[in-house]
Asks: 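The following block contains the structure, expressed as C-alpha cells.
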Amino acid sequence: MKVLVVGSGGREHAVIRKLKENKEIDTIICAPGNGGISADAVCADVKATDIEGMVSLAKKESVDFCVVTPDDPLALGMVDAMEKEGIPCFGPEGKAAVIEASKVFSKNLMKKYGIPTAAYEVFDEPEKALKYILDQNSFPAVIKADGLALGKGVLIAQDAKEAEEAVKELMIDKAFGASGSRVVVEEFMTGPEVSVLAFTDGNVICPMVSSMDHKRANDNDEGLNTGGMGTIAPSPFYTKEVAEKCMNEIFVPTMKAMNAEGRTFRGCLYFGLMITPQGPKVVEYNCRFGDPETQVVLPLLKTDLFTIMKACHDGTLADINIEWYDEACACVIEASGGYPQSYKKGYEIHGLDENGQREGVIVYHAGTKKENGAYLTNGGRVLGITAKGKDLNEALDKAYAAVKEIGFENMHCRSDIGAKVRNL
Ligand code: AMP
Ligand code: GLY
C-alpha cells in the first residue's frame, strides 16, 4: 500500500510516524516534506497548495490513499480534486473545510444551531466595526479577520485606541490580506483553553485525548501569537464532566449542523475550546489536525491510525473502538530566534542522530532540511521535542532534558510549557 501525506510540518511528521506502524503500508510519500521527514518518508517536491501538481503526483505514483493535512489545500478543494480522480482521502471536502476558512461561516453556524460560543457581530465596513466597539464600550474587545491568517488574524484590544488600531490593521491596511475584508467582533471570554481533535465520518464523532497549546512566543504567555510553541496532553482542565458537556452541546451538534447544511465533515475536526465560568464554549474550529497538538495526541493513540482514517473516509467509524494509552505527552518547540517575525535560516542543528532523532524522545521536524548528512534550520518552528511519560511531570522532564542536548544558533524555546498544569 502506498500513502501520500500532504504538508511539511511537525504535524505531518507525527502523522507519518504513526502511519508507519501499519504493516500494510510499504511506502509513504510526503509532499513537500522536510529534512527530518525524509528519514521516514519519500519526499516529493510539490507545494502543498498545488492542487493539480498533487493530483498528478498521486496518479503518477498510483497512491492508494491520500492524507491532506494543512488548511490551505483543504480550503482550496484538494480532497474534492483527488476523489474526482478516484483517490480516497482523509480530510474534508472544500465545502466542509469552510468551517475553518471562514469565521463568519462558523460563527453563523454556531448561532443557528445553538452551539455555545462568544456573542458576536459581523462587519464589512471599518467605520461600522469601530462604532460598534466604541458603543459597546466593553474591553477587552476581540476582533478577528474572517479568512485564514496563519492563526494570527485575531487582535485583542484593551481600550478604544487599540480597537481603532486593530480595525485599521485588519480592514484598511489589510495586514492579513483579503482575509480582513470582513471581521467578526466578539465578546471576550475567560478560562483555560483546551484543544480537542476529533475523528468523524459524518455519522459518529470520536474525540481524541485533549491537549493544550501555548500560543504566545514567550514565557508567561507574553509576546506575539505564534502557530504554537508547545503542547501537553491530556489537559487536566478537561475533566470527565466537561468532556460529557462538550460531547452533548458542542461535538455532536456541530457534526449534525454540518450535515444539515449539506456540508458533511469527514476527517479531523479541531475544537478550540474555552472552559468559561458558564461552561465550555467554542473559540474556533479548524478543519484539520492542530500543530503542535497532533505531536502530543498521536503518540497516545493505541489503535492503528490508518484503519481509523480509512473508516472516516468509508463512513464506518462506528465499527471501530478507538483506544488510548493512559499516559501523558509533552512537546517543546525549538524555534528560530525572531520567530514569528523575521529570523535567519541555515544553522546546523546539533544533538541529533543520522535519522534526525535522539534516544528517549521523539523529534518531530518542522522547519529543517538535510544537506550533506547534516540537519539545518529552515523555518520559524524548527523542531518539536516530544516525550511520553506516566504523567505530565515525567513527560515534561524528559522533553526538557532533551531540549538541553538538541539545539542550534539563536534557538528560542519557552521554558514554561506545561508549567501551569504541572502537579495539578
Ligand atoms: P483563534 O484564532 O480564533 O483561535 O484565536 C486565537 C487566540 O485568541 C485564541 O487561542 C484565544 O487565546 C484568543 N481568543 C480568541 N477569541 C477569543 C475570545 N472571544 N475571548 C478571549 N480570547 C480569545
Ligand atoms: N495549534 C493551533 C492550530 O493548529 O491552529
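Both backbone and side-chain heavy atoms feed into the values below; hydrogens, waters and symmetry mates do not. Counting starts at 1 for both ligands and their atoms, in listed order. Since the structure is predicted, the reported quantities are computational estimates derived from the model, not experimental observations.
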Asks: Which atoms of ligand 2 sit under 4.0 Å from any heavy atom of N286?
Replies: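 Under 4.0 Å from N286, ligand 2 has these atoms: 3 (C), 5 (O).
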Asks: Under 4.0 Å from any heavy atom of K103, which atoms of ligand 1 are there?
Replies: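 Here the atoms of ligand 1 in question are 1 (P), 2 (O), 3 (O).
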Asks: In chain order, what residues pass the side chain to side chain contact (heavy atoms under 4.5 Å, CB included) check against V283, with sequence neighbours excluded?
Replies: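 Expected list: K144, M189, M274.
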Asks: Between Q295 and ligand 2, find which residue part has any heavy-atom pair under 4.0 Å and reply side chain, backbone, both or neither.
Replies: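 The answer is neither; Q295 stays 4.0 Å or more away.
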Asks: So, does G228 sit close enough to ligand 2 that a heavy atom of it is under 4.0 Å from the ligand?
Replies: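 The answer is no, since G228 has no heavy atom less than 4.0 Å from ligand 2.
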Asks: Taking only heavy atoms of V154 into account, list the atoms of ligand 1 that are under 4.0 Å away from them.
Replies: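 Checking each atom against V154, I get 1 (P), 2 (O), 3 (O), 5 (O), 6 (C), 8 (O), 15 (C).
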Asks: Given that the side chain starts at C-beta and the backbone is N, CA, C, O, which of these parts of E187 lies under 4.0 Å from ligand 1, counting heavy atoms, or is it both or neither?
Replies: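 Contact part for E187 vs ligand 1: backbone (N, CA, C, O).
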Asks: What do you reckon, does R288 have a nitrogen or oxygen under 3.5 Å from a nitrogen or oxygen of ligand 2?
Replies: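 Yes, at least one N or O pair falls under 3.5 Å.
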Asks: Any atoms of ligand 1 less than 4.0 Å from a non-hydrogen atom of K215? List them with their elements.
Replies: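 Checking each atom against K215, I get 10 (O).
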Asks: Could you check whether H412 and Y343 have their ring centres less than 6.0 Å apart?
Replies: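 For Y343 and H412, the ring centres are not under 6.0 Å apart.
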Asks: Any ion pair linking D72 and K47 (charged N to carboxylate O, less than 4.0 Å)?
Replies: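 No, this pair does not count.
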Asks: Below 30° counts as parallel, above 60° as perpendicular, anything between as tilted: where do the rings of F199 and F90 land?
Replies: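 Geometry flag for F90 against F199: perpendicular rings.
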Asks: If you count the atoms of ligand 2 from 1 in the order shown, which ones are under 4.0 Å from a heavy atom of G290?
Replies: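 So the answer, numbered in order with elements, is 4 (O).
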Asks: Mind checking whether R11 contacts ligand 2 via backbone (N, CA, C, O), side chain (CB onward), both or neither, at a 4.0 Å heavy-atom cut-off?
Replies: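 Under 4.0 Å from ligand 2, R11 contributes no heavy atoms.
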Asks: Below the 3.5 angstrom mark, is there an N/O of E293, backbone or side chain, next to an N/O of ligand 2?
Replies: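 Yes, at least one N or O pair falls under 3.5 Å.
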Asks: I'd like to check the side chain to side chain contact (heavy atoms under 4.5 Å, CB included) partners of N108; sequence neighbours left out, ordered by chain and number.
Replies: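 Side chain to side chain contact (heavy atoms under 4.5 Å, CB included) check on N108 returns V104, Y120.
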Asks: Taking the side chain as every heavy atom from C-beta outward, state whether K345 and S336 have any pair of such atoms under 4.5 Å apart.
Replies: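 No; the side chains remain at least 4.5 Å from each other.
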Asks: Parallel, tilted or perpendicular: which one describes the rings of Y132 and F123, with boundaries at 30° and 60°?
Replies: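 Aromatic pair Y132/F123 classed tilted.
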Asks: So if I count the atoms of ligand 1 from 1 in the order they appear, which ones are less than 4.0 Å from some heavy atom of E284?
Replies: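 Near E284, the atoms of ligand 1 are 1 (P), 2 (O), 3 (O), 4 (O).
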Asks: Counting heavy atoms only, which of M189, K144, E100 comes nearest to atom 16 (N) of ligand 1?
Replies: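 Checking each option, the heavy atom nearest atom 16 (N) of ligand 1 is found in K144.
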Asks: Determine, considering heavy atoms only, which of R216, E186, E193, K281 sits nearest to atom 19 (N) of ligand 1.
Replies: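 Closest candidate by heavy-atom distance is E186.
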Asks: Angle class for the F251/F271 ring planes (parallel below 30°, perpendicular above 60°, tilted otherwise)?
Replies: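 The arrangement is tilted - the two ring planes meet at 30° to 60°.
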Asks: Under 4.0 Å from a heavy atom of D213: which atoms of ligand 2 are those, numbered in the order shown and with their elements?
Replies: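 Selected atoms, number and element: 1 (N), 2 (C).
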Asks: Which ligand 1 atoms does V142 reach within 4.0 Å, using its non-hydrogen atoms?
Replies: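 The list of qualifying atoms is 16 (N), 17 (C), 18 (C), 19 (N), 20 (N).
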Asks: Please determine which of V67, V15, I37, L4 meets the side chain to side chain contact (heavy atoms under 4.5 Å, CB included) test together with C30.
Replies: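 Filter result, single survivor: I37.
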Asks: Between D173 and K168, does any side-chain N to carboxylate O distance fall below 4.0 Å?
Replies: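 Salt bridge between D173 and K168, a charged N being under 4.0 Å from a carboxylate O: yes.
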Asks: Take atom NZ in K2; do more than 12 heavy atoms of anything else shown fall under 6.0 Å from it?
Replies: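 Yes, NZ of K2 has more than 12 neighbouring heavy atoms, counting only those of other groups under 6.0 Å.
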Asks: Please list, in number order, the atoms of ligand 2 under 4.0 Å from a heavy atom of Y270.
Replies: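 So the atoms of ligand 2 that pass are 2 (C).
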Asks: Can you tell me if S195 contacts ligand 2 (heavy atom of the residue under 4.0 Å from the ligand)?
Replies: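 Judged by the 4.0 Å heavy-atom criterion, S195 does not count as contacting ligand 2.
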